[in-house]
**Student:** 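Quick one: the structure is below, questions incoming.
Order of the sequence lines sets the chain letters (A, B, ...), proteins ahead of strands, with each chain counted from 1.
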There are 2 protein chains.
Amino acid sequence: MMLSSSEIESLDDIIQRNKSIEKGDKVYSVGEKFTHIYAIRSGFLKSYCISESGEEQITGFHLAGEIVGLEGINTGVYLGFAEALETSQICAIPYEKLDKLNSSIDGLRQQLFKIMSQEITHNHELMLMLNQKNADEKIATFLLNLSAREALGKGLNLKFVLPMTRTDMANYLGLALETVSRIVGKLVKKEIISIDHKMVTIKQLDILSELAGASCHFSHPGEQNKLA
Amino acid sequence: MMLSSSEIESLDDIIQRNKSIEKGDKVYSVGEKFTHIYAIRSGFLKSYCISESGEEQITGFHLAGEIVGLEGINTGVYLGFAEALETSQICAIPYEKLDKLNSSIDGLRQQLFKIMSQEITHNHELMLMLNQKNADEKIATFLLNLSAREALGKGLNLKFVLPMTRTDMANYLGLALETVSRIVGKLVKKEIISIDHKMVTIKQLDILSELAGASCHFSHPGEQNKLA
DNA sequence: CGGGCGCTTGAACAGGGTCAACATCCGTGG
DNA sequence: CCACGGATGTTGACCCTGTTCAAGCGCCCG
């Protein structure tokens with residue numbers, strides 16, 4: 001699923017390459033006019049929204065190769081925040097131009113449809129996790145998922161970075177932060193994983209996979225949808 | 001957000017109008033080659049997937065005006081099932097042709113992007129609900145959401161149909177079916193709603209809204225995205 | 001140095017799950 | 001027309017998982 005070189009040239013004309021943002025910086029905020037979608041070149045972002053009662057709900061963690069901002073297409077307004085968890089490089093892609101370009105670049109449009117479809121699928125897997133898994137399974141699933149994504153489709157990284165706080169993990173997984181802390185502690189104590197600062201090492205993949213249990217997923221690994 | 005009449009004519013050429021399906025019939029099944037997306041003209045569907053351990057996870061309920069099957073775009077294979085909860089009329093739209101048509105019909109393409117974006121947003125709201133709401137809030141939110149959707153963007157229906165079983169509701173909301181039954185019973189006993197067979201009447205909207213509590217939602221009501 | 005944030009750990013509590021029994025509805029066939 | 005069986009829904013009692021509350025530790029950075 002590659003773009004032709006002429007397609008890439010057209011892309012070059014419109015995207016704003018490698019804008020750098022620091023930890024804590026926001027890519028966009030809720031209520032802002034929707035203008036761009038953003039491809040992550042390197043680093044780590046979280047996206048979240050704020051409920052009426054002021055609580056934060058993390059809707060996703062995003063790393064290199066992924067796209068954020070798609071939820072703004074519908075209303076023309078960003079419906080949440082995207083914020084860097086560490087220094088990151090992002091590409092700003094003006095949706096207006098992308099939309100015009102779309103007609104001429106079939107590959108690009110198809111790619112964008114695939115990315116959105118992929119996000120919908122991912123959300124379905126998330127529902128399964130939030131609804132049917134207990135705390136241990138959630139944590140195990142989360143770690144394996146992160147490991148696979150940091151490996152960029154090349155299987156699993158047995159050693160990878162956990163850039164978010166326990167609070168963020170808890171919020172995303174629908175658990176109390178104490179629960180996350182306890183379970184991660186338990187996994188370390190059982191030597192299923194080990195943690196050094198933000199580095200996680202999976203020491204017993206089989207057991208962790210066992211713990212993760214059921215998943216809906218049916219996606220073809222290896223084939224990652226990217227946009228730039 | 002209307003299509004021009006020429007656009008509609010082009011659509012007429014490719015869609016298969018008003019195919020009728022009965023309760024329990026499947027529109028598509030997991031693993032089948034992705035060929036069409038489906039617009040619901042009337043009736044009620046549920047979509048769901050099956051986890052490795054064989055458990056069903058309902059990923060959405062869909063009624064007139066909504067689209068199902070989008071999650072197949074990414075892999076070229078349907079990743080779940082869509083099944084009628086009652087006799088329904090659906091339009092089958094061949095994605096292949098729609099994709100070609102896309103180039104010539106800007107409005108249509110934009111519409112499709114909006115619909116997918118809307119679905120992503122909806123999933124984010126769902127996460128908030130599953131993660132942060134307790135059982136009472138989930139039920140209240142679910143009822144209000146259904147009421148609004150059956151009213152097709154014209155505010156709320158105070159009287160509407162609840163076509164799915166308690167088991168389906170429970171599965172979708174991540175609760176035990178006994179819990180759903182208890183809470184619905186409680187709402188009836190407190191005369192906040194009343195139920196006659198499958199008909200629900202909201203008798204005290206203010207209290208039900210209060211119960212539903214926080215939501216992320218930021219969507220413009222009134223403006224519903226449709227495709228046919 | 002000190003204060004805040006992130007993280008861990010313990011103890012008590014409760015929301016909702018599980019198990020079990022029973023009621024109700026409905027289609028089917030005798 | 002009624003009797004049966006299966007699916008659906010209700011209700012009660014008990015108990016477990018994960019939350020809540022509370023205290024304390026380590027670390028970074030001003």
**Student:** To the nearest Å, give me how far apart CG (A:N134) and C1' (D:dT19) are.
**Tutor:** 15 Å
**Student:** Verify the distance criterion only: is there a donor paired with an acceptor across the side chains of B:Q204 and B:E191 at less than 3.5 Å?
**Tutor:** no
**Student:** Using whole Å, report how far CD of B:Q132 lies from C1' of D:dT19.
**Tutor:** 14 Å
**Student:** Output, in order, the C-alpha distance, side-chain angles, deciding distance and verdict of side-chain hydrogen bond (donor to acceptor under 3.5 Å, both in side chains) for B:K133 and B:T141.
**Tutor:** CA-CA 9 Å; B:K133 294 193 177 186; B:T141 305; 3.0 Å; yes
**Student:** Round to a whole Å and report the spacing from CG of A:L173 to C1' of D:dG18.
**Tutor:** 13 Å
**Student:** Nearest-Å distance, NZ (B:K138) to P (C:dG15)?
**Tutor:** 14 Å
**Student:** Without decimals, in angstroms, what is the distance between A:D168 CG and C:dC5 P?
**Tutor:** 14 Å
**Student:** Determine the contact category for B:A135: base if any of its heavy atoms lies under 4.0 Å from a base atom, sugar-phosphate if only primed atoms, P, OP1 or OP2 are that close, otherwise nothing.
**Tutor:** sugar-phosphate
**Student:** Quick check on D:dG9: is either OP1 or OP2 less than 4.0 Å from any side-chain nitrogen or oxygen of B:S181?
**Tutor:** no
**Student:** Does anything in residues 182-204 of chain B reach DNA chain C, meaning a heavy atom under 4.0 Å, and if so which residues?
**Tutor:** B:R182
**Student:** What's the NZ-P distance between B:K23 and D:dA7, to the nearest Å?
**Tutor:** 13 Å
**Student:** Please give, in whole Å, the distance from C:dC5 P to A:L177 CG?
**Tutor:** 14 Å
**Student:** I'd like to know if A:E178 reaches the base of C:dC7 with its side chain such that a donor and an acceptor end up less than 3.5 angstrom apart.
**Tutor:** no
**Student:** If you measure only the distance, is there a donor-acceptor pair under 3.5 Å linking the side chains of A:E83 and A:Y48?
**Tutor:** yes
**Student:** Inspect the contact between A:E66 and A:R149 and indicate whether a charged nitrogen and a carboxylate oxygen are less than 4.0 angstrom apart.
**Tutor:** yes
**Student:** Of all the choices, D:dT10, D:dG18, C:dG16, which nucleotide is nearest to the side chain of B:R166 once you look at every atom?
**Tutor:** D:dT10
**Student:** Over 60° means perpendicular and under 30° means parallel, so classify the ring planes of B:F44 and B:F61, tilted if in between.
**Tutor:** tilted
**Student:** Looking at A:E119 and A:K114, does any basic side-chain N land under 4.0 Å from a carboxylate oxygen?
**Tutor:** no
**Student:** Look at A:T165 and C:dG6 and indicate whether a side-chain polar atom (N or O) is within less than 4.0 Å of OP1 or OP2.
**Tutor:** no
**Student:** Do B:S20 and B:Q89 pass the side-chain hydrogen bond (donor to acceptor under 3.5 Å, both in side chains) test, and can you show the C-alpha distance, the side-chain angles, and the key distance before you say yes or no?
**Tutor:** CA-CA 5 Å; B:S20 189; B:Q89 305 287 326; 3.3 Å; yes
**Student:** Taking atom P of C:dG17 as reference, at what distance in whole Å does atom CD of B:E55 sit?
**Tutor:** 14 Å
**Student:** With heavy atoms under 4.0 Å as the rule, sort B:L175 into base, sugar-phosphate or nothing.
**Tutor:** sugar-phosphate
